[in-house]
There are 2 protein chains.
Amino acid sequence: MEKTITKGNTEVQILNAARKVFIKKGLDGTRMQEIADEAHINKALLHYYFRSKEKLFEQIFEKALNDVFEVINRCIYEDGDIYTFIETFVTHYLSLIKENPFIPNFIFNEITTHPERMKQLSTQFKINVPAFRHMIEKNINQKKITPIRPEHFMVDLLGLCIFPYVSRPLIEEIFFKEQPAETEHFLNERKQHIIFLMKKALQA
Amino acid sequence: MEKTITKGNTEVQILNAARKVFIKKGLDGTRMQEIADEAHINKALLHYYFRSKEKLFEQIFEKALNDVFEVINRCIYEDGDIYTFIETFVTHYLSLIKENPFIPNFIFNEITTHPERMKQLSTQFKINVPAFRHMIEKNINQKKITPIRPEHFMVDLLGLCIFPYVSRPLIEEIFFKEQPAETEHFLNERKQHIIFLMKKALQA
DNA sequence: GTCTATAACCGGATAGAC
DNA sequence: GTCTATCCGGTTATAGAC
């Protein structure tokens, strides 16, 4: 009776466990045994459900990439106001990262350590670049913002949001060694700070 | 005679080879055989010179971290003008990354995949935080810039410089799929763009 | 110092009982 | 579907000749 709670979803348990371990340790650093332990099942079951380590990994990687692209696309409206865009983008993106702080690092690392394979997996995801470019250019033409290359704008926003989480251990070590709790507070301040920074930088 | 060119510096050859492989593949993804091949020597020699894979790795990791911190510290002057700081910092930092584009990813990844060990190694490096804070606060008091928390300012600069290189494969895929050579041009534009962006954002 | 050969170990994958 | 036991390839590390 109590067992029914988890009955039938061994597959889900495995996926959750795999996600947790892969994201923290990467493809090469992950041991199938550790996933099995985390999922409270036997190593052999992993192969029963997913055939191989790599097959299991691909599912996790694709899902992670999909989440990241989805949030970006949800914020893009061809005719949107750019100041609204900045606010919604930063808000949604930071909340995604806050809930999954290891994801960006995970993605970047797998792409650089296994370029061929990951590149192939990553090509299926797209962001709506034409709509994004259109939005920026329209706002420029309306003199709402100073001229800027759309690609720089997007990279700026992503870098400002993502970098503090990717480099968190070093930031903690450098700036907040004496009061580690302050790091959390600092990261929470980022939202207002980034919005302020980008709005001011873009003023026409 | 020709052999003397490399005689006596087997150790250096190994370090160069190890650096190249570790930085691209990470600690877990690196095989000692690959380092040996890259250095054109035998696998056993690696152990003769460095005892173990981990010992060899530590040397590479520490050197990488040291380079990164050194550049930052070289730009900090307690009484410096902040607009000068922005220019020299961005210039030096981008040229470091351009020459070693995989270093940031390498460092972040090792710290997250092996937190205990790497944290320990990273504590020996410091940036001159008091001088940096002093510089920012002085410039604020002189009304040269709008008030900003020094930590945010540093994280902004680093993120804007580093992120485009860390995410290069995705940027290429998303924005420049049709003309991959354009990525290089885009990255070269970053220097002027970041300087422009930060100066404008900080204006008093 | 540098090599070849091999030991010792680990981890992904499979066989086969239940 | 789930387990235990085991295989087998690959990888770090060492022994020992030169």
Side-chain angles (χ1 to χ4, degrees), chain A residues 1-62 106 109-110 113-114 116-118 121, chain B residues 1-61 109-110 113-114 116-118 121:
Chain A
M1 216 207 214
E2 300 75 3
K3 285 170 83 181
T4 20
I5 298 169
T6 50
K7 251 278 155 56
N9 41 15
T10 304
E11 192 171 334
V12 176
Q13 278 174 250
I14 293 176
L15 284 169
N16 287 336
R19 183 184 151 90
K20 193 168 167 182
V21 180
F22 275 134
I23 283 177
K24 228 182 299 186
K25 309 216 169 172
L27 173 56
D28 296 323
T30 292
R31 300 290 92 107
M32 292 296 261
Q33 185 60 59
E34 195 173 350
I35 296 175
D37 293 346
E38 183 74 35
H40 305 292
I41 49 122
N42 192 278
K43 211 174 48 150
L45 261 193
L46 298 177
H47 290 93
Y48 174 79
Y49 278 95
F50 295 94
R51 240 192 88 77
S52 74
K53 183 183 177 182
E54 300 223 337
K55 288 258 193 306
L56 178 52
F57 176 83
E58 283 178 16
Q59 301 229 2
I60 305 302
F61 185 77
E62 287 187 10
F106 170 66
N109 185 53
E110 297 305 336
T113 52
H114 310 99
E116 352 59 38
R117 248 178 304 166
M118 300 308 135
L121 295 177
Chain B
M1 218 207 212
E2 301 76 1
K3 286 169 85 181
T4 18
I5 298 169
T6 50
K7 251 278 158 58
N9 42 16
T10 305
E11 191 170 335
V12 176
Q13 277 175 252
I14 293 177
L15 283 170
N16 286 337
R19 182 184 151 91
K20 193 167 168 182
V21 181
F22 275 132
I23 283 176
K24 229 182 298 188
K25 310 216 169 171
L27 173 57
D28 297 322
T30 292
R31 300 292 91 108
M32 292 296 260
Q33 185 61 58
E34 195 174 348
I35 297 176
D37 293 346
E38 183 74 35
H40 305 291
I41 48 120
N42 193 278
K43 214 175 42 153
L45 261 193
L46 298 178
H47 291 93
Y48 174 79
Y49 277 95
F50 295 95
R51 239 192 85 77
S52 74
K53 183 183 176 183
E54 300 223 337
K55 288 258 193 306
L56 178 52
F57 175 83
E58 283 178 17
Q59 300 229 2
I60 305 302
F61 184 77
N109 185 53
E110 297 305 335
T113 51
H114 311 99
E116 353 61 37
R117 249 177 305 165
M118 301 306 135
L121 295 177

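Order of the sequence lines sets the chain letters (A, B, ...), proteins ahead of strands, with each chain counted from 1. All values below come from the heavy atoms of this structure, side chains included, with hydrogens, waters and symmetry mates left out.
- A close approach under 4.0 Å does not occur between any side-chain nitrogen or oxygen of A/Arg31 and OP1 or OP2 of C/dC10.
- In terms of modelled atom types and a separation under 3.5 Å, the side chain of B/Lys53 and the main chain of B/Leu27 share a donor-acceptor contact.
- D/dA13 atom C1' lies 18 Å from atom OH of B/Tyr49, rounded to whole Å.
- Under the 4.0 Å criterion applied to side-chain N and carboxylate O atoms, A/Glu58 and A/Arg117 are not assigned as salt-bridge partners.
- For B/Arg51, there are no salt bridge (charged side-chain N to carboxylate O under 4.0 Å, His left out) partners, not counting sequence neighbours.
- Taking the C1' atoms of five terminal pairs at each end of the helix from C/dG1-D/dC18 to C/dC18-D/dG1, the two resulting helix axes are inclined by 10°, rounded to 10°.
- Counting to the nearest Å, the C1' atom of D/dT11 and the CD1 atom of B/Ile35 are 12 Å from each other.
- For A/Glu62, there are no salt bridge (charged side-chain N to carboxylate O under 4.0 Å, His left out) partners at least two apart in sequence or on another chain.
- Here A/Thr10 does not reach the OP1 or OP2 of D/dG1: none of its side-chain N or O atoms lies under 4.0 Å away.
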Next item on the list: Summarise how protein sits on nucleotides 13-18 of chain C as a single string, 5' to 3': B when a protein heavy atom is under 4.0 Å from the base, S for sugar-phosphate-only contact, - for no contact.
Entry: BBB---

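- The distance between atom CG of B/Leu56 and atom C1' of D/dA13, rounded to the nearest whole Å, is 14 Å.
- Residue pairs meeting the side-chain hydrogen bond (donor to acceptor under 3.5 Å, both in side chains) criterion with at least one member in residues 27-41 of chain A, sequence neighbours excluded: A/Lys20-A/Glu38, A/Lys25-A/Glu34, A/Asp28-A/His114, A/Gln33-A/Asp37.
- Put simply, the side chain of B/Asn42 gets close to the backbone of B/Ala44: a donor and an acceptor are under 3.5 Å apart.
- Summarising the geometry, the separation between CG on B/Asp28 and C1' on D/dG10 is reported as 16 Å, rounded to the nearest angstrom.
- Shown here are the ring-ring contact (aromatic ring centres under 6.0 Å, His included) partners of A/Phe61, two or more places apart in sequence or in another chain: A/Phe57, A/Phe106.
- A/Tyr48 is linked by a side chain to side chain contact (heavy atoms under 4.5 Å, CB included) to A/Leu45, counting only residues two or more places apart in sequence or in another chain.
- Distance B/Phe50 CZ to D/dT12 C1': 16 Å, rounded to the nearest Å.
- Contact check for A/Ile35 versus A/Leu56: side-chain heavy atoms found under the 4.5 Å cut-off.
- Rounded to an integer number of Å, the gap from NE2 of B/His40 to P of C/dC3 is 12 Å.
- If you measure from atom CZ of A/Phe57 to atom P of C/dG11, you get 18 Å, rounded to the nearest angstrom.
- Across the protein-nucleic acid pair, B/Lys25 atom NZ and D/dT11 atom P stand 11 Å apart, rounded to whole Å.
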